[in-house]
Amino acid sequence: MSRDEKFRAPKGVHDVLPPDSGQWAVIVARFAERARRYGYGLAITPMFEHVEVFQRVGEHTDVVSKEMYELTDKGGRRLALRPEGTASVVRAYVEHRPAPPWKVWYVAPNFRYERAQKGRYRQHWQLGVEALGVSDAAVDVEVIALLHGFYRDLGLTDVRLLLNSMGDAQTRPAFVAALRAHFLAHGRALGDEFLARVDANPMRVLDTKVEAWQDVIESAPQLTAYLSDVAAAHFEQVQEGLRALAIDVELAPRLVRGFDYYTSTTFEFQSAALDAAQNAVGGGGRYDGLAEEFGGPPTPGIGFGTGLERIVLALDALGASVDVPGIDVFVVDGLGDGAGTTVGTLVEALRAEGFAVDRAYGGRSVKAQWKAADKSGAAVTVMVGRDELARDAVAVKDLASGEQVEVPRTGLVAWLMARNEEISR
RNA sequence: GUGGCCGUAGCUCAGUUGGCUAGAGCGCCGGGUUGUGAUCCCGGAGGUCGGGGGUUCGAAACCCCUCGGUCACCCCA
């Protein structure tokens with residue numbers, strides 16, 4: 001490895017910088033606001049946990065068994081970087097025993113050691129919520145509606161919602177057994193890889209893209225037919241609730257998600273703007289037995305995670321993007337004394353009034369400062385010039401129209417506010 | 001983890017079958033007289049052609065290794 005390569009970000013991870021990060025800031029802020037309106041509080045959990053925390057999430061899943069970043073700290077503790085969002089939150093719930101219902105949201109990076117490509121990174125960010133302590137189907141509906149509305153607000157118009165039910169702990173074994181029997185009876189000719197997958201977890205066969213396997217999958221028994229009366233009723237209530245909110249749903253009996261802990265309701269949002277390999281922009285489901293796995297009381301739970309990178313990618317593919325607020329005012333120093341305090345105090349005063357204000361530094365030429373003003377995207381440029389200052393005024397120019405007026409220094413804030421009001425009208 | 005494609009200035013790319021101090025557009029910086037941008041004109045900075053090794057009189061171009069990106073599979077956000 002050469003020296004240059006050492007000072008590059010490692011494989012599969014990347015920096016998010018201006019101007020791209022502007023999108024991120026807005027998206028996260030909108031999610032935070034939406035979560036607040038739904039009654040969810042922010043949960044900040046560590047980026048690493050004892051490795052056992054994540055192993056409880058699914059020893060047999062790729063994310064945990066193959067892709068986890070594990071390390072031993074100087075105290076000999078076996079730790080792992082968070083590969084997914086739910087485990088830490090449920091661990092925190094069990095550790096602190098908040099009174100249910102406990103509804104939290106998060107924004108956090110996840111780490112998975114996998115072969116990187118577009119939309120699939122070794123560090124990726126997820127926004128998510130978790131609702132613990134309520135089995136009512138109303139929470140399922142609320143959680144899905146939260147995410148659905150979030151996408152709609154962002155302008156992510158091409159997502160479809162896939163819905164399935166995994167049944168409960170009592171009925172799932174019967175289904176898995178039936179599935180395995182079916183595959184063994186009709187798929188023996190499909191080869192060792194197929195049989196190995198059936199042996200490990202027959203459900204994982206259901207969502208494969210291998211063309212040759214599709215016939216056997218098509219004719220396989222469906223999970224929803226194996227639901228207990230209770231599970232079936234719950235699933236029906238969820239669908240009814242979504243219908244009442246006019247949220248379109250596609251039932252996807254072969255939708256299988258990557259974690260062992262899912263029970264009952266599972267869902268996934270897919271974007272048509274993205275390639276199949278990374279079209280899942282968000283997904284989640286119920287995990288009614290997970291808290292017990294961590295030594296807590298029996299506690300139902302449901303949540304989702306949605307990937308920031310993929311949201312941005314999908315918006316991009318749609319040619320859409322969220323509006324990122326920029327600079328309101330750019331101040332040009334026409335006095336030629338860059339080190340003076342006149343400009344500095346004016347800029348600071350405007351910022352104190354709530355305006356986003358930027359300026360040039362280092363005594364650049366007036367022309368260069370105006371160029372910088374134009375590039376800043378500011379709607380208005382204020383120039384502190386000798387002539388105007390003699391009259392205790394400043395020059396104010398609308399960069400779009402090219403119109404320039406002289407405004408008394410003490411009246412500048414009022415003038416800018418009046419202008420804003422006029423525009424918002 | 002398996003297989004394919006790609007890697008030249010900040011960005012998008014051009015560089016004929018290996019041959020002259022490696023180019024363009026955009027972007028960036030400066031100038032076009034005293035204090036005005038986005039247009040126009042002029043000038044400038046910026047690349048050990050991802051990195052290392054090899055073949056050759058000579059390599060950005062050919063070979064090997066390596067790093068990175070990307071696509072499919074696997075899996076997932």
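None of the values given here were measured: they were computed from a predicted structure. Labels below follow one simple rule: chain letters A, B, ... track the order of the sequence lines, proteins then strands, and each chain is numbered from 1.
Residue A:S365 places its side chain closer to B:rG31 than to any other of B:rA77, B:rG37, B:rG31. Here B:rU36 is the nucleotide among B:rC71, B:rA77, B:rU36 with the atom lying nearest to any side-chain atom of A:V366. Considering only the side chain of A:D207, B:rC76 comes nearest among B:rC76, B:rU36, B:rG69. Of the candidates B:rC76, B:rU36, B:rC74, the closest approach to any side-chain atom of A:R120 belongs to B:rC74. Comparing B:rC75, B:rU36, B:rG68 by their closest approach to the side chain of A:W370 singles out B:rU36. Closest to the side chain of A:K367, out of B:rA77, B:rC75, B:rG32, is B:rG32. Considering only the side chain of A:K375, B:rC29 comes nearest among B:rA72, B:rA77, B:rC29.
Within 4.0 Å of A:K118, counting heavy atoms only, lie sugar-phosphate atoms of the nucleic acid but no base atom. Within 4.0 Å of A:Q404, counting heavy atoms only, lies at least one base atom of the nucleic acid. Across all strands, A:G377 comes closer than 4.0 Å to no nucleic acid atom at all (heavy-atom distances). Residue A:F330 is out of contact with every strand shown, counting any heavy-atom pair closer than 4.0 Å. Residue A:R257 is in sugar-phosphate contact alone, with no base atom involved, counting any heavy-atom pair closer than 4.0 Å across all strands shown. No engagement by A:G128 is indicated, since no non-hydrogen atom pair under 4.0 Å with the nucleic acid exists. Contact annotation for A:D275: backbone-only contact, meaning every heavy-atom pair under 4.0 Å involves sugar-phosphate atoms and none involves a base. Note on A:T208: only backbone sugar-phosphate atoms sit closer than 4.0 angstrom, heavy atoms only; bases stay farther off. Residue A:V332 is classed as having no contact, given no heavy-atom separation below 4.0 Å to the nucleic acid. Contact annotation for A:Q270: no contact, since no heavy-atom pair falls under 4.0 Å across all strands.
In this structure, A:D62 atom CG and B:rC76 atom P are separated by 6 Å, rounded to whole Å.
Close to B:rG30, at under 4.0 Å from its OP1 or OP2, lies a side-chain N or O of A:R364. The phosphate of B:rG1 has neither OP1 nor OP2 within less than 4.0 Å of any side-chain N or O from A:R112. Of the side-chain N and O atoms in A:K397, none sit less than 4.0 angstrom from OP1 or OP2 of B:rU36. Here A:K11 reaches the OP1 or OP2 of B:rG69: one of its side-chain N or O atoms lies under 4.0 Å away. Checking the phosphate oxygens (OP1, OP2) of B:rC76, no side-chain nitrogen or oxygen of A:K209 falls inside 4.0 Å.
Between the base of B:rA77 and the side chain of A:E114 there is a donor-acceptor pair shorter than 3.5 Å. Applying the 3.5 Å distance criterion, the base of B:rG3 shares a donor-acceptor pair with the side chain of A:R115.
Under a 3.5 Å cut-off, the side chain of A:E211 and the backbone N or O of A:Q214 do not form any donor-acceptor pair.
Remark: B:rG3 base-pairs with B:rC71; criterion is Watson-Crick or G-U wobble with both hydrogen-bond distances under 3.5 Å.
Considering A:I302, A:D288, A:D168 in turn, A:D288 is the only one that fulfils the side chain to side chain contact (heavy atoms under 4.5 Å, CB included) rule with A:T263. The side chain to side chain contact (heavy atoms under 4.5 Å, CB included) test with A:H124 is passed by exactly one of A:N110, A:L308, A:V13: A:N110.
Nearest-nucleotide mapping onto RNA chain B: of A:V210 and A:T306, the residue sitting toward the 5' end is A:V210. In this structure, A:K371 and A:A368 both approach RNA chain B, and ranking their closest nucleotides by distance from the 5' end singles out A:A368.
Taking a 6.0 Å sphere around CZ of A:F48, one finds it holds 12 or fewer heavy atoms contributed by other residues, nucleotides or ligands.
Under the side chain to side chain contact (heavy atoms under 4.5 Å, CB included) criterion, A:E114 pairs with A:E67, A:R112, A:R120, sequence neighbours left out.
Between A:W102 and A:Y93, the two ring planes are tilted [angle within 30° to 60°].
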